[in-house]
Amino acid sequence: MKNIAIIGASGYTGAQITALIQADKELQIQGLYVSENSLDKGKALADLYPVYCHITLPLLPLSEAAKQTIIAEADAVVLATDHGVSLHLAAYFYAQGLTVFDLSGAYRFADAQQYPKWYGFEHEYPEVLANAVYGLAEWNHAAIANSKMIAVPGCYPTASLTALKPLAALLGESLPVINAVSGVTGAGRKAQLHTSFCEVSLTPYGVLGHRHQPEIATQLGKEVIFTPHLGNFKRGILATITVQLKTGVTEADIANAYSVYNECPLVHVYQHQFPKIDDVVLTPNCLLGWKFDAQTGYLVVASAIDNLMKGAASQAHQCIKIHFNYS
Ligand SMILES: NC(=O)C1=CN([C@@H]2O[C@H](COP(=O)(O)OP(=O)(O)OC[C@H]3O[C@@H](n4cnc5c(N)ncnc54)[C@H](OP(=O)(O)O)[C@@H]3O)[C@@H](O)[C@H]2O)C=CC1
Ligand SMILES: CC(=O)N[C@@H](CCC(=O)OP(=O)(O)O)C(=O)O
């Protein structure tokens, strides 16, 4: 049995992965942690989230003593913390020999030069970054199994790349256009004006400047136009993607490309049928639906995930299972 420390456990993704780990008989929770001065320290997760009333473990402050206890007792840490917090904690625990599953973006780019522009910090740990692997579970199985530093992908990149990667060899000259709508939990639990009840109304944001654009482009090997939208619902992402395919590509070629998921139990592909957010909320699944216009060579593919599950916590759980070699 592997012992897992969860840092940032009171947040939306942290609480979700705590529930998944708690229900996994191969795993044991070493401890649940929040920041040293958190207003929630000492409370039980169940106090914050009655839906998790069965999880009565306390939220512990991440003090220096707590870090030493984690190093002594845990096999791995899950970091469900902000990018700037994960940056340092990941390097610290990795250096102590623990496996790190980081839900933030702090280790997703192999190129350290990308961080000042997209995350606002210089990457101080190039030697850790060099060992980090991208935890897109259906695509990077061997790397996830072999590395102790796993950068779990962002929610929009997970939805987009699951739809686009099978098509990589079929893409034409035009850039894929990704329009995606996310529920408000995507922005995390902390209070912010733009995610307050009376402010949320369907709108694009981060237009031509969201950090997930280069994450998707890097992993796809091709630039994309990516436009995220904030929707007035709690959980889920629907990414509707339009791509021009190479001249001569047929429906059979596309079906064949998506057959890569035939052995993947969490990715389901439908032709001429499109997923809804409600089909994936609270599940670890990614549902894809596609339709092709042979006359113009354009394909529309829609990808639906739960941002807190396949977009974060359940994908991290997939990575844990791959890394520790059980199913
Ligand atoms: N929400 C989503 O859909 C997705 C989020 N992510 C990424 O996952 C990470 C977590 O996101 P999310 O759960 O939404 O965030 P939340 O804001 O909901 O939670 C953040 C958590 O981190 C804790 N925390 C803050 N500072 C520290 C610190 N210095 N040490 C230890 N714990 C700390 C917070 O508790 P406290 O402040 O009380 O200490 C809280 O538990 C982020 O990097 C995010 O970008 C990735 C994919 C999807
Ligand atoms: C609705 C909303 O605000 N969503 C977040 C994306 C959440 C996510 O995937 O997290 P990472 O920051 O770890 O990449 C955003 O656009 O910043």
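For ligands, and for the atoms within them, numbers begin at 1 and follow the listed sequence. Positions are given from 1, in the same order as the sequence printed here.
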Which is it for Val85 and ligand 1 at heavy atoms under 4.0 Å: side chain, backbone, both or neither?
side chain
If you measure from the Lys or Arg side-chain nitrogens to the Asp or Glu carboxylate oxygens, is any gap between Arg189 and Asp40 under 4.0 Å?
yes
N or O pair under 3.5 Å between Gly11 and ligand 1
yes
With a cut-off of 4.0 Å, which atoms of ligand 1 are near a heavy atom of Thr13?
1 (N), 2 (C), 4 (C), 5 (C), 8 (O), 10 (C), 11 (O), 12 (P), 13 (O)
Which protein heavy atom lies closest to atom 22 (O) of ligand 1, and at what distance to 0.1 Å?
Gly8 CA, 3.5 Å
Of all protein heavy atoms, the one nearest atom 45 (O) of ligand 1 is His83 CE1, 3.3 Å
Heavy-atom proximity to atom 33 (C) of ligand 1, picking from Ala312, Pro61, Ser35, points to Ser35
Under the 3.5 angstrom rule, does the side chain of Asn285 hit a backbone N or O of Val280 as a donor-acceptor pair?
no
Could you check atom 47 (C) of ligand 1 against the protein and tell me its nearest heavy-atom contact, residue, atom and distance included?
Gly311 O, 3.2 Å
Distance from atom 46 (C) of ligand 1 to nearest protein heavy atom, with residue and atom:
Leu103 O, 3.4 Å
Cluster question for you: counting only ILVMFWY and a side-chain heavy-atom cut-off of under 4.5 Å, with indirect links fine, are Leu238 and Val184 together?
no
May I ask you to check whether Asn307 has an N/O atom sitting below 3.5 Å from an N/O atom of ligand 1?
yes
At a non-hydrogen distance cut-off of under 4.0 Å, which region of Thr185 contacts ligand 1 (side chain, backbone, both, or neither)?
backbone
Pair listing, salt bridge (Lys or Arg N to Asp or Glu O under 4.0 Å) test, anchored in residues 304-326, at least two apart:
Glu138-Lys310, Arg235-Asp306
Assess the residue pair Lys148 and Val100 against the criterion (side-chain contact (heavy atoms from CB on, under 4.5 Å)); give the C-alpha distance rounded to whole Å, side-chain angles, the decisive distance to 0.1 Å, and a yes or no.
CA-CA 6 Å; Lys148 294 185 100 173; Val100 177; over 6 Å; no
Can you find an N or O of Cys155 that's nearer than 3.5 Å to an N or O of ligand 1?
no
Can you tell me if Ser86 uses its side chain to pair, donor with acceptor, with the backbone of His83 under 3.5 Å?
no
Check whether more than 12 heavy atoms from other residues, nucleotides or ligands sit under 6.0 Å from atom CG of Leu202, and answer yes or no.
yes
N/O donor-acceptor pair under 3.5 Å between Asn131 side chain and Val128 backbone
no
Check: Tyr326 side chain, Ile320 main-chain N or O, donor-acceptor pair, under 3.5 Å:
no
Quick check against the 3.5 Å criterion: does Thr69 have a side-chain atom that pairs as donor or acceptor with the backbone of Ala65?
yes
Enumerate the protein residues lying less than 4.0 Å from ligand 2, judged by heavy-atom distances, in chain and residue-number order.
His83, Leu103, Arg108, Gly154, Cys155, Tyr156, Ser182, Gly183, Gly186, Ala187, Tyr205, His210, Arg211, His212, Leu230
Any donor-acceptor pair under 3.5 Å linking the side chain of Glu215 with the backbone of Gly154?
yes
Pull out every atom of ligand 1 sitting under 4.0 Å from any heavy atom of Leu308, numbered as shown with elements.
1 (N), 2 (C), 3 (O)
Report yes or no: does a heavy atom of Tyr12 sit under 4.0 Å from some atom of ligand 1?
yes
If you scan the protein for heavy atoms around atom 40 (C) of ligand 1, do you find one that is closer than 4.0 Å?
yes
If you count heavy atoms of other groups shown closer than 6.0 angstrom to CD of Glu127, is the number above 12?
yes
Verify side-chain contact (heavy atoms from CB on, under 4.5 Å) between Lys246 and Glu173, making sure each step is shown before the conclusion.
CA-CA 8 Å; Lys246 284 178 181 159; Glu173 291 288 305; over 6 Å; no
To check your reading of the model: name the closest protein heavy atom to atom 18 (O) of ligand 1, its residue, and the distance in Å.
Arg189 N, 2.9 Å
Can you list the atoms of ligand 1 that are under 4.0 Å from a heavy atom of Gly188?
14 (O), 18 (O)
Suppose we measure from atom 43 (O) of ligand 1 to each protein heavy atom; which comes out shortest, and what is that distance?
Thr81 O, 2.7 Å
Region of Leu39 engaging ligand 1 - heavy atom pairs below 4.0 Å
neither
Please confirm whether His123 and Tyr107 have ring centers closer than 6.0 angstrom.
yes
For atom 34 (C) of ligand 1, grab the closest protein heavy atom and report residue, atom and distance to one decimal in Å.
Ser10 OG, 4.0 Å
Tell me if the centroids of the rings in His210 and Tyr156 come within less than 6.0 Å of each other.
yes
Keeping His268 on the side-chain end and Leu287 on the backbone end, is there a donor-acceptor pair under 3.5 Å?
no
Atom 20 (C) of ligand 1: closest protein heavy atom, distance to 0.1 Å, is Ala80 O, 3.7 Å
